[in-house]
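The next block holds one structure in the form of structure tokens; read it before the comments.
Just so you know, ligand 1 is whichever comes first in the structure, and atom 1 is the first atom listed for that ligand. Small disclaimer: the values here were computed from a predicted structure and weren't measured.
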Amino acid sequence: MTDQIATPDDALRMTVFGTGYLGATHAACMAELGHHVLGVDVDPGKLAKLAAGEVPFYEPGLQEVLRRNIDAGRLRFTSSYEQAAEFSDIHFLGVGTPQRRGEFAADMKFVDSVIETLAPLLTRPSVIFGKSTVPVGTAERLGTRARELAPAGADVEVAWNPEFLREGFAVQDTLHPDRLVLGVDRDRPGRAEAVARQVYAALLDEGITFMVTDLATAELVKASANAFLATKISFINAMSEVCEAAGADVTVLADAIGHDVRIGRRFLNAGIGFGGGCLPKDIRAFMARAGELGADQALTFLREVDDINMRRRTRMVELAREACGSLLGSRVAVLGAAFKPDSDDVRDSPALNVAGQIQLQGATVSVYDPKAMANSKALFPTLTYAESALAACDGADVVLVLTEWPEFRKLLPSDLDGVVRRKVIVDGRNCLHPTDWRAGGWVYRGMGRP
Ligand code: UGA
């Protein structure tokens with residue numbers, strides 16, 4: 001666990017608006033750096049949990065950081081914007097920007113609502129650091145609006161400080177990021193950079209790269225980073241389709257091309273594709289925004305990236321059908337529901353999407369996930385949920401591994417031999433050893449593997 005690295009002398013007071021994955025992690029980690037932090041949210045349920053030291057979602061290591069800093073008196077939570085405006089002149093904005101219903105564009109209502117409510121309360125010079133993933137142009141718009149609404153007027157700054165944390169590694173990524181990026185308003189040079197240097201002093205001492213850009217570039221850094229990652233995954237999944245057609249093995253192909261440092265092996269894992277609360281909606285919002293700016297042609301390839309990604313889910317359903325003969329009346333075990341391991345997040349989860357499609361085609365689907373059961377039940381109440389991996393596999397005609405949790409990677413064919421009806425396993429994340437399963441008398445199918 002990280003040590004407390006800032007001394008009380010450089011401690012600042014700051015607020016963090018939004019206590020989801022991003023906001024809660026940022027608030028706890030800023031307190032871990034020694035700062036005094038007030039987390040603000042409109043959801044009383046979430047606030048009560050956090051104040052009691054409970055993280056409302058599963059994120060390894062976060063609970064310890066949260067508790068340690070609440071106990072140290074550096075971290076508190078409130079729903080009161082008045083209290084927040086009184087508490088500090090440094091505000092971080094980390095609320096969600098989900099996909100708008102029926103559209104590709106991001107829904108900015110949570111971001112806008114923070115500014116509309118907070119700005120009228122800003123009576124002293126203040127800096128608002130946006131961390132949410134937003135369409136390019138948002139920071140400038142919010143800055144103008146905040147200055148219109150705030151009694152402090154021109155002394156209110158909006159800067160953009162995008163967040164690159166991954167779920168499952170949120171604490172590590174926040175305290176030891178690859179880089180810090182800060183977009184500042186070049187037309188109105190203010191205190192934002194100096195304040196950010198104080199906030200992140202401990203990270204800068206560690207030698208972490210700090211890039212100061214204009215507002216639009218900072219916003220685009222985030223959008224393009226996620227677009228690149230999504231593209232990398234869809235690239236390897238496209239190769240997976242070709243491997244399937246040609247009888248080649250995409251995992252070996254990925255290892256081989258990954259040795260080229262220009263390509264790199266990370267994010268080249270073929271399987272049922274990307275999901276979660278970020279990559280899918282971020283590439284869509286990026287396309288929508290480029291369209292508004294008249295640069296839609298530049299990002300038409302992201303439509304293909306999205307299509308390749310969605311096709312992998314369909315392919316998984318086909319593989320399950322091939323394995324069963326017909327899905328109608330078959331029993332399908334689904335191991336994994338979270339969009340990736342070490343998370344209980346099921347937003348746009350490929351695993352749950354596949355489970356749902358298979359059930360709609362007449363199979364009985366039994367799902368097990370080590371952490372995401374409650375969220376899965378809330379999103380897909382009609383699926384059957386099992387208490388354990390073995391229980392999910394009971395009497396199964398096919399076992400589908402859809403999230404690569406360590407627990408599933410460690411499964412041995414002999415663990416399931418007497419449990420299933422037919423010894424057929426489809427590895428949607430290419431995370432098992434085909435030779436072991438075949439040697440155990442199982443039919444093994446991977447994605448993009450012979
Ligand atoms: C992603 C980015 O990686 C973060 O840098 C970013 O800050 C975050 O979105 C965000 O915008 O908030 P995250 O959604 O936590 O982070 O998850 P990733 O680790 O990127 O995985 C996304 C999806 O891609 C998962 O469903 C994962 O299973 C899938 N994936 C990942 C693959 O299918 N293959 C791979 O090789 C890697």
Side-chain angles (χ1 to χ4, degrees), residues 18 20-26 57-60 62 94-99 106 131-134 161-174 177-181 219 221-240 250-251 253-255 257-258 263-286 305-306 308-313 315-316 336-354 369 372 401-405 408 427-431 446-448:
Y21 288 94
L22 183 125
T25 307
H26 191 69
F57 47 86
Y58 177 71
E59 180 59 46
L62 182 55
V95 293
T97 50
Q99 188 174 339
K131 294 201 75 68
S132 311
T133 303
V134 294
N161 174 216
E163 179 57 60
F164 304 101
L165 70 81
R166 297 161 295 167
E167 290 180 24
F169 300 89
V171 172
Q172 161 75 18
D173 285 353
T174 305
D178 294 333
R179 75 299 207 187
L180 289 162
V181 174
E219 292 166 318
V221 167
K222 172 63 196 229
S224 58
N226 276 3
F228 189 87
L229 294 171
T231 304
K232 203 169 175 190
I233 299 168
S234 277
F235 172 82
I236 201 65
N237 281 330
M239 294 308 110
S240 183
V250 74
T251 63
L253 180 145
D255 288 344
I257 63 173
I263 295 172
R265 179 62 180 82
R266 294 175 74 188
F267 268 64
L268 279 186
N269 295 321
I272 55 170
F274 59 81
C278 302
L279 299 192
K281 63 108 176 150
D282 286 351
I283 58 169
R284 293 172 196 153
F286 200 15
V305 165
D306 207 350
I308 293 166
N309 192 51
M310 298 313 261
R311 278 210 298 276
R312 291 283 83 190
R313 301 178 184 188
R315 173 68 183 151
M316 187 69 214
F339 84 108
K340 68 173 189 181
D342 286 319
S343 171
D344 64 356
D345 196 345
V346 296
R347 287 177 294 171
D348 203 355
S349 167
L352 263 193
N353 180 301
V354 165
D369 188 282
V401 178
L402 301 186
T403 312
E404 67 277 34
W405 283 97
F408 305 148
D427 181 1
R429 293 294 183 181
N430 291 335
C431 62
M447 303 286 287

Taking [Y]'s backbone N and O only, do any of them form a donor-acceptor pair with [X]'s side chain (distance below 3.5 Å, no angle check)?
X: D282; Y: N226; result: no
X: D173; Y: P177; result: no
X: T403; Y: F339; result: no

Between [Y] and [X], is there a side-chain heavy-atom distance shorter than 4.5 Å?
X: I257; Y: F235; answer: yes
X: L402; Y: M316; answer: yes
X: I233; Y: N269; answer: no
X: I283; Y: F274; answer: yes

- Task: Salt-bridge test for E59 and R166: reply yes if a basic N is under 4.0 Å from a carboxylate O, no otherwise.
- Result: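 No.
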- Do NZ/NE/NH1/NH2 and the carboxylate oxygens of R313 and D348 come within less than 4.0 Å?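 Judged by the 4.0 Å cut-off on N to carboxylate O distance, R313 and D348 do form a salt bridge.
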What part of [X], side chain, backbone, both or neither, has a heavy atom within less than 4.0 angstrom of ligand 1?
X: K222; result: side chain
X: L268; result: backbone
X: N226; result: side chain
X: I233; result: side chain

Specify the protein heavy atom at minimum distance from [atom]: its residue, its atom name, and the distance to 0.1 Å.
atom: atom 1 (C) of ligand 1; answer: L279 CD2, 4.0 Å
atom: atom 8 (C) of ligand 1; answer: L165 O, 3.4 Å
atom: atom 5 (O) of ligand 1; answer: F164 O, 2.8 Å
atom: atom 16 (O) of ligand 1; answer: R166 CA, 4.0 Å
atom: atom 36 (O) of ligand 1; answer: N269 N, 2.8 Å
atom: atom 20 (O) of ligand 1; answer: F267 CZ, 3.2 Å
atom: atom 12 (O) of ligand 1; answer: C278 SG, 2.9 Å
atom: atom 18 (P) of ligand 1; answer: K340 NZ, 3.6 Å

- Message: Rounded at 0.5 Å granularity, tell me how far OG in S240 sits from CG in L268.
- Response: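 Rounded to the nearest 0.5 Å, the OG-CG separation comes to 12.0 Å.
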- Message: Measuring from non-hydrogen atoms of G275 to any atom of ligand 1, is the shortest distance under 4.0 Å?
- Response: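 Yes, that is the case, since the closest heavy atom of the residue is under 4.0 Å from the ligand.
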List every atom of ligand 1 that sits less than 4.0 Å from any heavy atom of [X], numbering the atoms from 1 in the order shown and giving each element.
X: E167; answer: 15 (O)
X: E163; answer: 7 (O)
X: D282; answer: 11 (O)
X: L229; answer: 2 (C), 3 (O)
X: F274; answer: 23 (C), 24 (O), 26 (O), 29 (C)
X: R429; answer: 28 (O), 33 (O)

- Task: Check the pair D306, R311 against salt bridge (charged side-chain N to carboxylate O under 4.0 Å, His left out), reporting the backbone distance first and the verdict last.
- Result: CA-CA 9 Å; D306 207 350; R311 278 210 298 276; over 6 Å; no
- Between K281 and T133: side-chain donor-acceptor atoms closer than 3.5 Å: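 K281 vs T133: no donor-acceptor pair found between side chains.
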- Message: As a check for students: among F228, F339, Y21, identify the option with a heavy atom nearest to atom 14 (O) of ligand 1.
- Response: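 Among F228, F339, Y21, the closest heavy atom to atom 14 (O) of ligand 1 belongs to F339.
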